[in-house]
Amino acid sequence: MRLSQYPINTTKETPAEAEVLSHQLMLRAGMIRRVAAGIYDWLPMGLRVVRRVEQIIREEMNRAGALEILMPAVQPAELWQESGRWHEYGPELLRLKDRHDREFVVGPTHEEVVTDIARRELRSYRQLPVNFYQIQTKFRDEVRPRFGVMRGREFIMKDAYSFHADEASMAAGYAAMRAAYVRMFGRMQLNFRSVQADTGAIGGSASEEFQVLAESGEDAIAVSDGDDFAANIELAPAAAPAQARAAPSQPLERVTTPHMKTIADLSAFLAVPRERCLKTLLVDGAGGGVVALVLRGDHELNAVKAQKLQAVASPLRMASAAAVRAASGSEPGFVGPVDLKCSVYADHAALNMADFVCGANAPDLHLRGVNWGRDLPEPAAADLRNVVDGDPSPTGKGRLRIVRGIEVGHIFQLGRKYSQAMNATVLDESGQSVTMLMGCYGIGVTRIVAASIEQNHDERGIIWPDPLAPFHVVLIPLNLQKSAPVRAAADALYAVLTAAGIEVLYDDRDARPGVKFADAELLGIPHRLVLGERGLQAGSCEYRHRRATDNEDIPLDSVTGFIKAKLAG
RNA sequence: CGGGGCAUGGCGCAGUCUGGUAGCGCAUCUGCUUUGGGAGCAGAGGGUCGCAGGUUCAAAUCCUGCUGCCCCGACCA
C-alpha cells in the first residue's frame, strides 16, 4: 500500500474523549472514529487488524472442526420469548419494531437463533456432536460504554455453539474449544490466563474466562503464585483461617462514637485497626425480611457469593433504611450482630475474630471487646468476602495475587438451558427423543485489538506483534522527491517485497523523515526499512524492529530473504 | 441507573466570573526555501460558539428547559 494514496490522519494530540491508552492510540493512529457512544467506525488501518484477528480465529476454529455459519443481527422476538430471555434480559437488549409493528431484537448473542437452527437441521444422534460458529456484529445496549472499542455497544464477536447427545460429549467439546482458545490467543501473542468464572446470566455449569492481563483491565482476577490456579475474584474461594480463634481477653464495653458511621472513621476514632472491627451489612432476605452479613472491617463483600446463600435474595439488594431500623433499632452505621433481630451469617475471617469492635444497634454507640459465643451466639459461617492479595490459594499451594484482566473470551457448558426451552431434540440409538446438550464459546474480536495494544505499546505508539500487524513492513525512502535513484530503488524494493507476499506500507509521501518515522512508530508497524541516498550508494538499506534501538544495514539484494526470516521467526 | 464534569473551525484549547466586531496552537490549501526524527517564511480557506426558549439596545458570555458526550460506582465478549 502506498501511503500517498491512503487518507490517513495521525495526530500528535490526544483526543479528549479517550481515557485509556489503547483508545487514545487507536484514535491517534486513525484506526477508529466514534460515531455515537460505544459505536465506532473502523477505518482501513484498524480494520486490517480486525481481519488479522478474525483470520487466526477462523483457522483455529476450523482446525478444531467447527463449522462457520452466519446468523442474522436482527432476530424475531418470538425466539426470545420462547427461551424466556425476552423478559429476563432487561434493557441491555435492544428491541425494535418493524413497519408492521412486529417486534425484533438486535442480537446481543445468538443462543436462540442457533438453537432454532439445531432443532430444524439436526434429527439424529449420528449428526452429533456439531459446533457452529460465526464472526458477526453484536449489539448490547450497555449502561455505560467506555474505553473505546474495549466496551462498545456494537462490537464484533466470534460466537460458537456446540450440540451434543450426552454429558461426556459436551465435556469433550468444551475441552476442544478450550484448547483452540489457548492456541489462538497464543498465536496472537497475548499474555493471558484462563480463569474460573461465574456463569452469570447466560447460565449453565462449567465456565472459564480468558483474561488478557493488563493494568487497565476491568476485571479483578486472583492468581496463585504456587500453581496454575486462577479465578475471577467473584468466584475465588476465601479459605477459613488455619489457626483457631483466640480466647476472649477483654471485657465487653459500650463506647460512644458520635457520627462514626464507616469502618474507616471508626477505626481512626478508636485507634483500633480495621481488621479488629466488624462490618455488619443488612441485605434483603429471600423470603422477605433481612439477613445480616458480617465481615471483617478490612474485607469487601462478594455479591456473587452472598446471593448464593439460600436465605439471601438474588440478585443481592442492600436492605432499605426502614428495614435496617426495624431489625436493629438504629440507623445504618451503628449496626452490629449483638441482639440483632434477623439471621446472621459471618464470613470465616469475621468468625475468627476475638475482642472485636462492632455496632451497638444504637445511634452513636459501638461495642468493644466483643466475643463470639460469650457475648452473642455463634453465627452461621460462610464464605462472603472477596479474596485479597496474599490470601492462601484454595488449592493449598502458594498465595493469591490480585491482578487486572481484560476478558477476551468466555466458554461455557450450557447443558439443556436453551435446548429444553426451545425443544431441540434428536433421536438416540433406541429411537427415543432426547434433548441435546449445548456448549457456547465467545470471543470479543474487536476487544482483542484494544487488549493487544494495552499489552504492546510504548511512549511513541503501538507495537504490533507480527501476527496482528496491519502491515508487516513499513518502507521509508528518504528525500525521494529530490533523489531519482532513491525513488527508483524504493519503488523496486516495494515491488519485490510485495511480490514475495510481504505486506508493505510504502511511505512515498512528500514528507520529512521525522514525520515518516513518527507515523511509522505510532502505527506500530513491527519491521521498518529505511532507504536513503547514503545507504543506496553502498547497496544497502537500514532495518530496525519497532522494539529495537539500533539499525542494521542489509544488502539490498537480500532484503526479501531477511524479512521473510524475521517474519518466520 | 446514581454521582461528577464537559460541549467554541477537523483535533487540542483560551475567551464565559465582569455581556460590546470569535481568538490561539495543530491540521488543511498555495508559493518559495528546506529534507536522517513531527521544518521556516509569506499568504489562504474553514466556526448558525450543542439545541430551543427567555432577559437585554446588544448574548459564546446571564436565566430556564432539553440533548449529546466523557469520567467514577453496580453488569459483560
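Numbers restart at 1 for each chain; the letters A, B, ... are given by sequence-line order, proteins then strands.
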Can you sort out the partners of A/I554 under side chain to side chain contact (heavy atoms under 4.5 Å, CB included), two or more places apart, ordered by chain and number?
A/Y543, A/E552, A/S558, A/V559, A/F562
Mind checking [X] for me? I need base, sugar-phosphate or nothing, with any heavy atom below 4.0 Å counting as a touch.
X: A/R317; answer: nothing
X: A/D159; answer: nothing
X: A/R151; answer: base

Taking only Lys NZ, Arg NE, NH1 and NH2, and the carboxylate oxygens of Asp or Glu, determine whether [X] and [Y] approach each other closer than 4.0 Å.
X: A/K417; Y: A/E111; value: no
X: A/R385; Y: A/D298; value: no
X: A/E68; Y: A/R58; value: yes

May I ask you to list the residues of [range], by number, that have any heavy atom positioned under 4.0 Å from an atom of RNA chain B?
range: residues 539-547 of chain A; result: A/E542, A/R544
range: residues 1-14 of chain A; result: A/T10, A/K12, A/E13, A/T14
range: residues 470-486 of chain A; result: A/L478, A/N479, A/K482

With rounding to whole Å, what would you report as the distance between [N] and [M] at their [atom1] atoms?
N: B/G20; M: B/A58; atom1: C1'; answer: 7 Å
N: B/U67; M: B/A14; atom1: C1'; answer: 25 Å
N: B/G3; M: B/G38; atom1: P; answer: 49 Å
N: B/U55; M: B/G47; atom1: P; answer: 30 Å
N: B/A42; M: B/C26; atom1: P; answer: 13 Å

Pairwise 5' ranking along RNA chain B for A/E407 and A/A37, keeping only the more 5' one:
A/A37
Would you kindly compare A/P15 and A/A511 by the position of their nearest RNA chain B nucleotide and give the one closer to the 5′ end?
A/P15
Any N or O donor-acceptor pair under 3.5 Å from the base of B/G37 to the side chain of A/R528?
yes
Which nucleotide in the set [options] lies at the smallest distance from any side-chain heavy atom of [X]?
X: A/R512; options: B/G37, B/A39, B/C69; result: B/A39
X: A/A16; options: B/A77, B/G12, B/G38; result: B/G12
X: A/V143; options: B/C70, B/C1, B/C72; result: B/C1

Qualifying salt bridge (Lys or Arg N to Asp or Glu O under 4.0 Å) pairs with a residue from residues 29-47 of chain A, counting only residues at least two apart or across chains:
A/E17-A/R34
A/F155 ring over B/A77 six-membered base ring, under 5.5 Å and 30°
yes
Any side-chain heavy atom of A/M170 sitting closer than 4.5 Å to one from A/L414?
no
Which donor-acceptor pairs under 3.5 Å do the side chains of residues 177-186 of chain A make with protein atoms, sequence neighbours left out?
residue, atom, partner, partner atom, Å
A/R178, NE, A/E208, OE1, 3.1
A/R178, NE, A/E208, OE2, 2.7
A/R178, NH2, A/S194, OG, 2.6
A/R178, NH2, A/E208, OE2, 3.0
A/Y181, OH, A/K158, NZ, 2.8
A/Y181, OH, A/Y441, O, 3.2
A/Y181, OH, A/G442, N, 3.2
A/Y181, OH, A/G442, O, 3.1
A/R183, NE, A/E60, OE1, 2.8

